[in-house]
Structure formats: C-alpha cells, structure tokens
Amino acid sequence: MPVRLSDHSLKDFDLARKPAYDRRDITPGILHIGIGGFHRAHQAVYTEDVLAGGDHRWGIIGASVRSTTMRNRLIAQNFLYTVCTKGADSNEYQVIGAVKDVLTISQHQHQLLDLIASPQIKVITLTITEKGYCLTPSRELDEQHPDIQHDLSNPGSPVSAPGLLATGLKQRMEQGSGPISIISCDNLSGNGRSTQKAVTAIAGLYAGEHAHWIRDHVSFPNTMVDRIVPATSDTDTLRFLQETGIEDNGLVICEPFSQWIIENSFAAERPEWESAGAQIVDDVAAYEQIKLRLLNTTHSALAYLGLLAGYEFIHQAMADPVLSGFSTYLLDKEISPLLQSPGGFDLEHYKRSILERFANPAIHYRTAQVANDGSHKLQQRIYPTIAEHSRRNTDSPGLVLVVAAWLHCLSTAKYASQFSDPAAEIIRTYSGDNLVERVSSETTSFGVIWEDAKFRTQIKDAAAELKQSSVQTLLQRIMVSN
Ligand code: CS2
C-alpha cells in the first residue's frame with residue numbers, strides 16, 4: 001500500500017535523508033516567488049542546510065504566479081517533498097522540510113502583500129523565468145505588457161511579479177518594516193539590476209516617495225545559479241513510488257552539480273548560505289556571463305537542433321556524435337575566445353564538465369522544455385556573443401544557425417506544437433518568405449540585433465539551408481570550414 005509523504009509518514013521513508021531539525025521550530029524568513037522545480041532543488045536545498053545548522057529563522061513561504069497546482073500538491077503532504085539527485089550511476093533522496101506554505105498570486109494577493117511588508121521576511125527570492133520580469137529587450141519595463149497594464153490600473157491587486165513587489169514594498173515602507181533583499185535566481189544577465197529596474201519603474205509610475213524608499217532600503221544582488229532540473233514527469237513519480245513505496249506529488253529530480261554565486265549586497269539579515277556551499281562574492285558578472293554564454297547557449301543549441309534532428313531529450317542529442325561535436329565546436333571556437341574568466345577559474349575544465357552534465361543519461365531533460373521561451377532566452381544567452389563577433393568583424397556561423405533553428409522550429413507547426421514561446425502567436429501570423437524581415441521590424445520584441453543587415457542575411461541563408469539539408473550535414477559543414 002503506497003504511503004503519501006507527510007510529517008506523519010516521514011518515519012517510513014528509510015531511504016531518504018530527512019530534515020535534521022524539528023519543523024515546528026522553524027519561522028518564515030524567506031518569501032520565494034515562482035516555486036517550481038528549480039527553486040525546490042536549488043535555493044531551498046541550501047536553505048535546508050542552514051536550518052539543519054541550527055538557524056531556524058529561514059523557513060520559506062512559496063508563491064506560484066498563477067497556478068494553484070503546486071499548492072494543492074504540497075498542502076496534502078505538509079509541504080514536504082523529495083529531491084532525488086541522479087548521477088550517471090547514483091541515486092540519492094533528501095526530504096526537504098524548509099517550505100512552510102505555498103500561496104498563489106492570483107488567489108492570495110493580500111496575504112502575499114502582507115508577507116512582503118512583514119518585518120519577519122528579510123529575503124525575497126525569485127525564479128519567475130526570463131519573461132516574468134516584463135522587460136523589453138533593452139531592459140526597460142514593458143509598459144505595454146498586459147500584466148503591467150493591469151497592475152498600473154490596479155496597483156492594489158497586482159498580477160505580475162514586479163507589480164506585486166512594488167505594491168508590497170510600498171506597504172513595507174508604510175509599516176516601517178525596514179530593509180529587505182530581493183534576490184533574482186533566473187538566467188538573466190545582471191539579474192539583480194534587471195529586477196531592480198522592473199520594480200522601481202513600476203513604483204515610479206505609481207508615484208510618491210516609494211521609489212526613493214526602495215532605492216535606499218532594498219538591495220537586489222546579482223546572482224549566478226546553476227543546476228540542471230528537468231520537469232518531473234508522471235513516469236518519474238510512478239518510478240519513485242515503485243522504488244521507495246512513497247507517493248510524493250512534489251518530487252524533484254536533479255543532477256548532483258549545484259552552484260550558487262551571490263553578490264555581497266544584502267540590505268538586511270540573511271541565511272548563511274555559504275555554510276551550505278554558496279559563494280558570496282563582490283562581483284558576479286564574470287561568472288554569470290560565463291554560465292549564460294557557455295552552458296545556456298549550448299543547451300539551447302542542443303534543444304533546437306535536437307528537436308530538428310528528432311531527439312526528445314538533451315542526453316540523446318548529446319549521444320549523437322555530430323551534435324556533441326558541434327557543442328564542443330561552439331564552446332571552443334565561437335564562444336570561449338570572447339570570454340574573460342575570473343582569476344583562478346578553469347575554463348577548459350568548466351567546458352568539459354558542461355558536456356558531461358548534458359550527457360548524464362539519468363537526467364531526462366526534454367529538448368522541448370529547453371526550447372520554451374526562446375524569444376526571451378536567446379536575448380540573454382546567444383545574441384550578446386553574436387553581437388560581439390559582429391563588433392570584432394568575425395563570424396559565428398554556428399550561433400547564427402542556432403538562431404535560425406529557433407525561428408524554424410517556432411514557425412513550423414510540427415515543432416512549434418511541442419513547446420511554448422510568448423512570441424509564438426506573432427510568429428504564426430507572419431508569412432513564410434518574409435519571416436526574417438517581419439521579425440526585424442519588431443525589435444522591441446526581438447532585440448536590436450535584428451536591425452543588423454548582415455545578421456539578417458546570414459539568418460535567411462541558414463534558414464534556407466535548414467529547409468534543404470539535414471541538421472547533421474549542416475553542422476558538419478560548419479565544423480569543417482571553421
Ligand atoms: C536551461 C536552464 O531550460 C533552460 O533554458 O538552459 O534551465 C538550465 O538547465 C539551467 O540554467 C542550468 O543551471
């Protein structure tokens with residue numbers, strides 16, 4: 001008879017490491033917005049270690065932006081869930097006790113605003129994905145975004161994360177609850193500054209002294225976060241039940257590797273995450289650039305090229321010698337020559353480790369999952385490298401092909417039906433031949449790189465080639481001639 005994970009059944013879960021503290025002693029100190037798998041396998045695990053170390057002030061209240069699924073799943077198991085860490089031939093289970101409650105912006109707005117304003121909450125962490133910040137490609141608040149329009153007209157009942165923060169911080173100012181740190185853990189370059197921009201822009205539009213208060217009392221450290229956490233499938237949950245006898249509807253599966261680098265810029269008290277392996281440094285920029293441009297770029301390359309080559313999972317694409325050879329080519333020839341690594345950082349080792357991590361056969365990361373939201377992701381991870389090549393008058397045919405592959409996938413029903421992108425609708429309305437010109441007429445959505453005539457010609461050529469030849473043939477051609 002399967003047993004549902006809960007405080008009560010925890011004793012029956014012999015295979016797992018369990019919370020090393022009495023959960024009743026934990027008080028909430030962190031509000032996390034965007035409580036998906038990534039947060040639960042990353043920041044929550046670091047926090048769990050801090051709680052186990054005896055500092056009980058840092059329980060987590062999670063919030064989902066729209067869906068009530070996570071709340072419903074976790075509430076039935078006292079907000080406990082298992083992190084299953086899978087190496088190529090190892091399996092470890094840890095039950096996390098740090099989460100105390102899960103709310104939903106759409107249903108619990110007022111409770112969430114009260115939490116942002118509460119003196120007990122000293123840290124807000126965010127994993128709301130690139131698009132959740134509602135910024136334009138030039139990093140201004142997208143005032144035309146429907147959620148921002150809604151929030152500007154209804155500041156008392158915000159639906160966007162930046163709107164929620166701006167209103168909650170106003171309440172915090174009015175209640176005199178003191179300073180707070182807001183920590184973005186998304187793959188945006190300068191993620192802290194971007195968050196600050198979005199939040200202060202809305203606060204400024206609400207008018208009053210509010211934006212000044214935020215400037216003086218709220219810090220937005222930049223961070224680099226890294227751990228591969230694929231979406232949990234029903235098959236994963238079932239297999240876990242068969243292996244452990246425990247039913248866990250909040251199960252998260254992840255790789256053994258984990259890294260969190262945080263800028264030392266905290267406005268208030270914070271958990272000692274460094275005791276759990278996080279690095280607190282003066283400047284995150286170089287680490288963040290290396291991670292976005294090496295790891296995330298290659299991940300997106302494997303996603304779009306993998307989809308076109310018929311691979312469901314990233315590790316399957318990596319098992320294709322042409323696709324893995326092309327990943328090495330991108331890292332070595334087109335990306336790393338442009339990067340400055342911080343002192344003591346072993347770039348060669350980092351590149352090899354990325355490829356090993358992608359190839360981990362125990363981690364089933366769908367190419368379609370990484371393909372999601374390319375219109376936002378490519379701006380962070382690929383366009384800056386292509387733009388740098390263009391400034392140096394050098395070529396990056398491999399990266400250009402990846403962008404063409406994104407556009408090809410998004411404009412071809414067979415592939416587009418497998419993943420989502422906020423630009424999907426607009427791309428669908430563009431007609432075939434003019435696609436590149438139409439995209440370039442929308443630089444406010446797609447980025448200024450599309451204004452570059454040479455880039456557009458290269459994309460058109462690559463797109464035409466993608467229609468004629470197999471992915472492998474094209475990749476081999478690029479690798480041979482560069
Ligand atoms: C991935 C990232 O889905 C994606 O876009 O590239 O989530 C990636 O797995 C993480 O950034 C790894 O740290």
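Remember, it's 1-based here, ligands and their atoms both numbered in the order they're listed.
At a heavy-atom distance under 4.0 Å, only side-chain atoms of Arg381, from C-beta outward, approach ligand 1.
Counted by atom type alone, Asp186 and Thr127 present zero donor-acceptor pairs between their side chains at under 3.5 Å.
Here is the list of ligand 1 atoms found below 4.0 Å of a heavy atom in Lys377: 3 (O), 4 (C), 5 (O). When each atom of ligand 1 is checked for a heavy atom of His299 under 4.0 Å away, the hits are 1 (C), 6 (O), 8 (C), 9 (O).
Each of Lys291, Gln380, Glu130 was checked for a side chain to side chain donor-acceptor pair (under 3.5 Å) with Asn187, and the lone residue meeting it is Lys291. Results of the side chain to side chain donor-acceptor pair (under 3.5 Å) test with Thr125 over His32, Gln43, His42 single out His32 as the only residue that passes.
For Arg357, no nitrogen or oxygen atom sits less than 3.5 Å from a nitrogen or oxygen atom of ligand 1, counting backbone and side chain alike.
Residue contacts with ligand 1 include Lys291, since one of its heavy atoms falls under 4.0 Å from the ligand. Residue contact annotation: Phe38 has no non-hydrogen atom under 4.0 Å from ligand 1.
Residue nearest to atom 13 (O) of ligand 1, selected from Ile228, Asp226, Thr127: Asp226 (by heavy-atom distance).
Considering only heavy atoms from C-beta on, Ile382 comes within 4.5 Å of Val403 through its side chain.
Aromatic ring orientation, Tyr365 versus His299: perpendicular (interplanar angle above 60°, classes split at 30° and 60°).
In this structure, atom 3 (O) of ligand 1 lies nearest to the protein heavy atom Tyr365 OH, 3.0 Å.
Remark: Arg40 is positioned above the aromatic ring of Tyr81, its terminal NZ or CZ atom under 6.0 angstrom from the ring centre and at most 45 degrees off the axis.
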